[in-house]
Amino acid sequence: MTSIAMGAVVTEGTTHTETVYVGTRDAGVFKTIDGGQSWEPARDGLTFYPIRTLVTDPQDPNILYAGTDYNGIWKSTDGGERWSKSSGGLYEGLIVFDVDIDPHSRDTLYASLAGGVGLGIGNVYKSEDGGATWTLKDAGMPRSSDTSTYTNGVFTLVIDPDDTSLLYAGTNFEGAFRSTDGGETWAPINDGLPFRTGTTDYRKSVNALALDPHHGNRLSAIIGRRYYVFEAGNWQQVSQDSFSVNTGIARAHLTFHPTLSTTLYSAGDRFSKSTDGGVNWTKYLGWDDSGHVPEIAFHRQTPGTIYAATDILMKCWGGVYKSSDQGESWAEASQGITAVPVQSVAIDPQDDAIIHVGAGSGHVYRTEDGGETWSRTYLGSIGISDIAMNPQDPQTIYLASTRFYTSTDQGETFQEVDQVEYPECIDIAADSSAIYVGASFGRGVYRSTSGGSTWSQITETLPLFGSSVCPILSIAVDPNDRDTVWAGMQYGGGIARSTDGGDTWHVKGLTETNFVEAIAVDPTNSDEILAGGGFWEGSIFKSTDGGETWQEKASGIAFVQDFVYDPRNPRWVYAATEGYGVLRSFDGGESWHDYSSGIFYPVLYSLDISTDDPPLLVAGSYGSGLYWIRPAAPKHVFLPLVVRSNS
């Protein structure tokens with residue numbers, strides 16, 4: 001199960017032709033030493049901010065720099081094994097789009113940054129001590145406004161390898177700039193650079209800059225979907241108008257084959273290739289069938305082998321793709337990269353080696369061997385908000401997305417159910433006699449007592465927001481009584497209970513929380529209910545009297561998205577949070593402790609647990625894949641609290 005939501009890929013050094021690094025959106029950095037056959041995490045010390053760009057030191061392949069979104073620059077000196085912050089003096093409120101290393105002075109680096117609305121602001125920084133400290137270097141670049149301390153957003157930088165005091169920068173609205181003194185001062189080089197349609201105030205984005213080694217390091221660029229070269233003080237369009245190189249969304253990528261003088265590659269929203277010096281371009285991997293391709297890399301000693309980082313997008317599964325024929329054909333090479341945005345997870349109640357996963361991208365994954373291999377299905381939906389399996393018949397699966405789906409062959413195929421609109425959450429009675437689906441956009445609750453073949457819609461007696469039923473964010477059937485159902489709502493609807501199978505509902509509090517996104521009923525005591533909710537921040541609430549009163553048991557945490565009870569002891573409960581990872585309670589939810597060691601990206605939307613002893617506990621991270629553990633029975637319960645109890 002592999003994907004990259006956004007990434008940068010770079011090959012190592014001058015000799016290790018099969019060592020490649022890839023940066024992901026939320027799962028850090030991964031490394032392969034066998035040309036993409038297998039990958040391992042290389043992220044110790046990194047935070048979970050998106051990796052926008054990766055570079056290796058040309059003189060020492062063990063030194064890497066990672067530019068992030070809103071978290072500055074990080075450095076590794078041991079081939080990605082450990083990372084430390086390398087951002088002294090650098091403003092971290094922007095995206096680091098490019099990092100360039102002086103090829104003759106390894107301690108001299110430049111970074112280009114952009115951010116703000118429309119990526120309209122940015123800066124250029126320089127370091128002369130290997131990234132330990134950075135100094136602003138933007139003299140001569142126009143300010144984004146008269147009072148701003150920012151320049152225009154800077155997407156790309158390039159250093160002349162023969163004269164490293166000569167630099168070029170490409171911006172979002174102000175064109176291209178050149179420095180002849182190592183970044184101390186900059187001057188525009190915009191003659192011939194096109195304006196945006198309908199204006200003479202803003203230039204088209206300069207999304208990629210590169211120096212053509214076959215033409216005396218001639219400056220080249222991707223500008224407004226076209227390929228340009230800078231000659232005799234002017235920009236000249238080379239590519240034909242009918243050939244779009246890349247869409248120019250933020251930074252693109254442009255590189256030259258080291259020995260074939262007329263072969264060029266570009267990445268951005270696609271991988272494109274030209275074999276006639278940039279006049280004509282052919283798309284081989286990209287938007288229509290293989291997602292977004294933000295970065296490519298190849299080793300100079302083996303230029304026929306290209307690696308591409310691809311985004312999850314529609315039919316594209318994301319991950320790293322590899323070509324061994326200069327980009328003519330591609331194959332997946334992502335085994336071990338765990339960067340899927342998991343939204344929901346369900347374990348087969350009869351075999352915990354079978355797990356179903358719904359991704360935020362609309363993809364469904366299934367394993368039958370405990371995660372060793374995965375099969376995949378794309379449903380054409382925006383995201384999978386919930387998955388539920390029939391506890392008596394695990395061949396039958398229900399799936400909530402922008403539409404509602406059922407499968408009767410254990411997830412091999414899915415069929416859309418037109419009767420259910422805008423599903424958000426699913427729960428099934430323990431005896432599988434009733435299925436409940438909570439929906440958004442005023443659709444209320446749907447119920448089926450026929451195994452999903454027919455459905456009835458319930459909206460009356462549910463609380464309103466304006467003239468519509470409050471959106472249903474969570475739903476739970478009492479495992480002790482299939483006719484008792486709980487629903488958590490948005491917009492002040494609070495939490496409601498039905499004791500007649502959903503026919504009528506009564507609000508039972510928590511109306512001040514705004515979001516009630518998780519509900520669980522003690523499997524041995526119907527009077528004890530847990531709810532996760534909040535307004536600006538998350539809390540865990542507990543009722544011991546069937547919802548008549550509620551006590552806040554943990555506050556100041558991220559929103560709770562899911563609860564599961566340990567089958568060995570109902571006092572042992574786990575909670576998935578949207579930022580604090582997994583929390584665990586040994587006293588039925590009275591107090592909570594951190595249980596997230598090993599989870600890289602602690603934004604979790606789903607949990608499930610098997611009935612084995614010890615059980616399999618599975619947590620889905622929205623960005624770094626699936627995690628699992630078999631929790632040992634606690635030897636004691638006196639652990640330090642990580643969240644404060646208010647009761």
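Excluded from the calculations below are hydrogen atoms, water molecules and symmetry mates; all remaining heavy atoms, backbone and side chain alike, are included.
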Ignoring hydrogens and geometry, is there a side-chain-to-backbone donor-acceptor pair from [X] to [Y] under 3.5 Å?
X	Y	value
Asp276	Val279	yes
Arg270	Val293	no
Ser239	Arg226	no
Asn172	Gly118	yes
Asn190	Leu193	no
Thr171	Glu174	yes
Asn62	Asp60	no
Asn207	His253	no
Ser621	Tyr601	yes
His292	Thr310	no

Exercise. Going through the distances and angles, do Val124 and Leu167 end up as a side-chain contact (heavy atoms from CB on, under 4.5 Å)?
Worked result: CA-CA 11 Å; Val124 174; Leu167 292 86; over 6 Å; no
Between [X] and [Y], a side-chain donor and acceptor under 3.5 Å:
X	Y	result
Arg82	Thr77	no
Asp325	Ser323	yes
Asp181	Ser179	yes
Ser127	Asp129	yes
Thr47	Asn71	yes

Take atom [atom1] of [X] as the centre, draw a 6.0 Å sphere, and report whether it contains more than 12 heavy atoms from other residues, nucleotides or ligands.
X	atom1	answer
Tyr202	OH	no
Gln237	CD	yes
Glu40	CD	no
Phe230	CZ	yes
Phe441	CZ	no

Could you check if a side-chain atom of [X] sits within less than 4.5 angstrom of a side-chain atom of [Y], using non-hydrogen atoms only?
X	Y	value
Phe173	Asp201	no
Ile189	Phe177	no
Val29	Trp74	no
Leu219	Val158	yes
Thr19	Pro61	no
His257	Gln326	yes
Met141	Asn123	no
Pro341	Tyr605	no

So, taking the atom named [atom1] in [X] and the one named [atom2] in [Y], what distance separates them when rounded to the nearest 0.5 Å?
X	Y	atom1	atom2	result
Lys273	Tyr284	NZ	OH	5.0 Å
Asp98	Thr156	CG	OG1	5.0 Å
Gln240	Asn280	CD	CG	4.5 Å
Ile73	Ser87	CD1	OG	5.5 Å
Ile222	Ser266	CD1	OG	4.0 Å
Arg203	Arg196	CZ	CZ	12.0 Å

For this session: List in chain and number order the residues that pass side-chain contact (heavy atoms from CB on, under 4.5 Å) with Ser401, two or more places apart in sequence or in another chain; answer none if no residue qualifies.
Result: Ser381, Ile384, Leu399, Tyr405
Exercise. Is there a side-chain contact (heavy atoms from CB on, under 4.5 Å) between Leu113 and Val154 once you walk through the steps?
Worked result: CA-CA 5 Å; Leu113 288 74; Val154 185; over 6 Å; no
For this session: Could you please spell out the steps behind the side-chain contact (heavy atoms from CB on, under 4.5 Å) verdict for Asn217 and Asp163?
Result: CA-CA 10 Å; Asn217 288 331; Asp163 178 5; over 6 Å; no
Exercise. Between Tyr168 and Arg178, is there a cation-pi geometry (under 6.0 Å to ring centre, at most 45° from the normal)?
Worked result: no
For this session: Scan Asp100, Asp102, Thr108 and name whichever one has a side chain to side chain donor-acceptor pair (under 3.5 Å) with Thr164.
Result: Asp102
What are the two closest non-hydrogen atoms of [X] and [Y], and how far apart are they?
X	Y	answer
Ile101	Arg106	CG2-O, 3.9 Å
Asp26	Tyr622	OD2-O, 3.7 Å
Ala169	Leu209	C-CD1, 3.4 Å
Ala400	Pro423	CB-CB, 3.7 Å
Ser86	Tyr65	OG-CE2, 4.4 Å
Ile33	Lys31	CG2-CE, 3.9 Å

Problem set entry | Ion pair Arg52/Glu295, N-O distance below 4.0 Å | no
Exercise. Can you list every ring-ring contact (aromatic ring centres under 6.0 Å, His included) pair that touches residues 87-125, not counting sequence neighbours?
Worked result: Tyr91-Tyr150, Phe97-Phe155
Problem set entry | side-chain hydrogen bond (donor to acceptor under 3.5 Å, both in side chains) between Ser105 and Asp107, intermediate numbers included | CA-CA 6 Å; Ser105 176; Asp107 288 333; over 6 Å; no
Problem set entry | Tyr265: which of Tyr227, Trp281, Phe271 passes ring pair (Phe, Tyr, Trp, His ring centres under 6.0 Å) | Phe271
Exercise. side-chain contact (heavy atoms from CB on, under 4.5 Å) between Trp39 and Val320: does it pass, once the steps are laid out?
Worked result: CA-CA 10 Å; Trp39 298 78; Val320 174; 3.9 Å; yes
